[in-house]
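Everything quoted here is computed from the prediction, not taken from an experiment.
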Amino acid sequence: MDKKENIIDLSFDFDFLDKVIVGIGEVSQITGIATRQIRYWEDKGIIESLTEEEGKNRRYDYKNIKKMLLIKELLDEGYTLDASAEKVKKRMKMIEETLKKLKNGSS
């Protein structure tokens with residue numbers, strides 16, 4: 001078997017991630033986070049929805065879904081919400097910087 005056949009393609013579509021937008025109900029089903037908790041995190045400014053009009057269904061992009069998953073993981077490990085939010089803020093900055101480098105390198 002040729003070594004090239006064993007190489008896994010780790011590239012993925014950055015444009016796709018930029019276009020991922022999911023409603024609050026779907027986010028709740030996917031992540032296991034209650035919609036009430038998602039709204040609370042948004043009210044505290046930890047995450048933000050793409051919804052501009054009051055009363056409209058909240059929708060979230062990939063970045064905010066990733067934040068929610070990281071926060072949930074830290075809460076499950078025993079961190080407070082404020083500590084989790086601060087850790088996630090730092091992680092997201094690092095992830096964004098890395099993705100920008102990868103995106104620029106893959107062009």
Side-chain angles (χ1 to χ4, degrees):
M1 186 178 271
D2 191 349
K3 279 190 175 185
K4 289 183 181 180
E5 291 177 29
N6 291 330
I7 296 174
I8 299 170
D9 183 11
L10 298 176
S11 64
F12 51 91
D13 189 349
F14 289 101
D15 292 331
F16 172 75
L17 293 179
D18 289 340
K19 294 174 186 172
V20 171
I21 299 173
V22 182
I24 191 169
E26 291 172 294
V27 172
S28 178
Q29 288 177 336
I30 293 166
T31 63
I33 303 168
T35 56
R36 180 177 33 122
Q37 194 168 25
I38 294 169
R39 287 187 195 99
Y40 178 71
W41 294 350
E42 186 175 346
D43 290 344
K44 287 197 56 122
I46 297 169
I47 59 168
E48 55 187 54
S49 71
L50 304 176
T51 308
E52 296 175 6
E53 296 178 38
E54 189 66 34
K56 291 279 187 175
N57 190 23
R58 293 176 172 152
R59 298 171 26 200
Y60 300 92
D61 59 5
Y62 173 78
K63 177 182 170 182
N64 280 284
I65 295 169
K66 179 73 175 171
K67 280 184 182 180
M68 289 181 229
L69 289 169
L70 291 171
I71 289 168
K72 180 178 187 285
E73 179 181 323
L74 291 167
L75 289 171
D76 289 347
E77 290 177 7
Y79 288 88
T80 65
L81 180 58
D82 289 337
S84 297
E86 191 57 37
K87 285 178 101 34
V88 167
K89 186 177 178 181
K90 290 176 185 175
R91 284 186 189 178
M92 290 303 293
K93 183 177 179 186
M94 184 179 66
I95 290 169
E96 286 176 19
E97 289 171 0
T98 302
L99 287 176
K100 280 181 189 176
K101 289 176 186 175
L102 287 171
K103 186 175 183 179
N104 292 336
S106 66
S107 301

Salt bridge flag under 4.0 Å for residues Asp43 and Arg39: no
Distance, nearest 0.5 Å, that separates [atom1] of [X] from [atom2] of [Y]:
{"X": "Glu97", "Y": "Lys101", "atom1": "CD", "atom2": "NZ", "result": "6.5 Å"}
{"X": "Ile21", "Y": "Glu26", "atom1": "CD1", "atom2": "CD", "result": "11.5 Å"}
{"X": "Ile71", "Y": "Met92", "atom1": "CD1", "atom2": "CE", "result": "9.5 Å"}
{"X": "Thr80", "Y": "Leu75", "atom1": "OG1", "atom2": "CG", "result": "8.0 Å"}

Stepwise side chain to side chain contact (heavy atoms under 4.5 Å, CB included) check, Val88 with Ile46: CA-CA 9 Å; Val88 167; Ile46 297 169; over 6 Å; no
Stepwise side chain to side chain contact (heavy atoms under 4.5 Å, CB included) check, Leu70 with Lys87: CA-CA 9 Å; Leu70 291 171; Lys87 285 178 101 34; over 6 Å; no
Ile65 vs Ile30, side chain to side chain contact (heavy atoms under 4.5 Å, CB included): CA-CA, chis, key distance, verdict: CA-CA 9 Å; Ile65 295 169; Ile30 293 166; 5.6 Å; no
Heavy-atom side-chain contact between Val27 and Asn64 under 4.5 Å: no
Donor-acceptor contact below 3.5 Å, side chain Ser28 vs main chain Ile24: no
Main-chain N/O of Tyr60 paired to Ser49 side chain as donor or acceptor, under 3.5 Å: no
Contact summary for Gly23 and Asn57, nearest pair of heavy atoms: CA-ND2, 4.3 Å
Chi angles and distances behind the side chain to side chain contact (heavy atoms under 4.5 Å, CB included) call for Lys72, Gln37: CA-CA 10 Å; Lys72 180 178 187 285; Gln37 194 168 25; over 6 Å; no
Residue among Arg58, Lys67, Arg59 satisfying salt bridge (charged side-chain N to carboxylate O under 4.0 Å, His left out) with Glu42: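 Checked Arg58, Lys67, Arg59 against Glu42; only one passes salt bridge (charged side-chain N to carboxylate O under 4.0 Å, His left out): Arg58.
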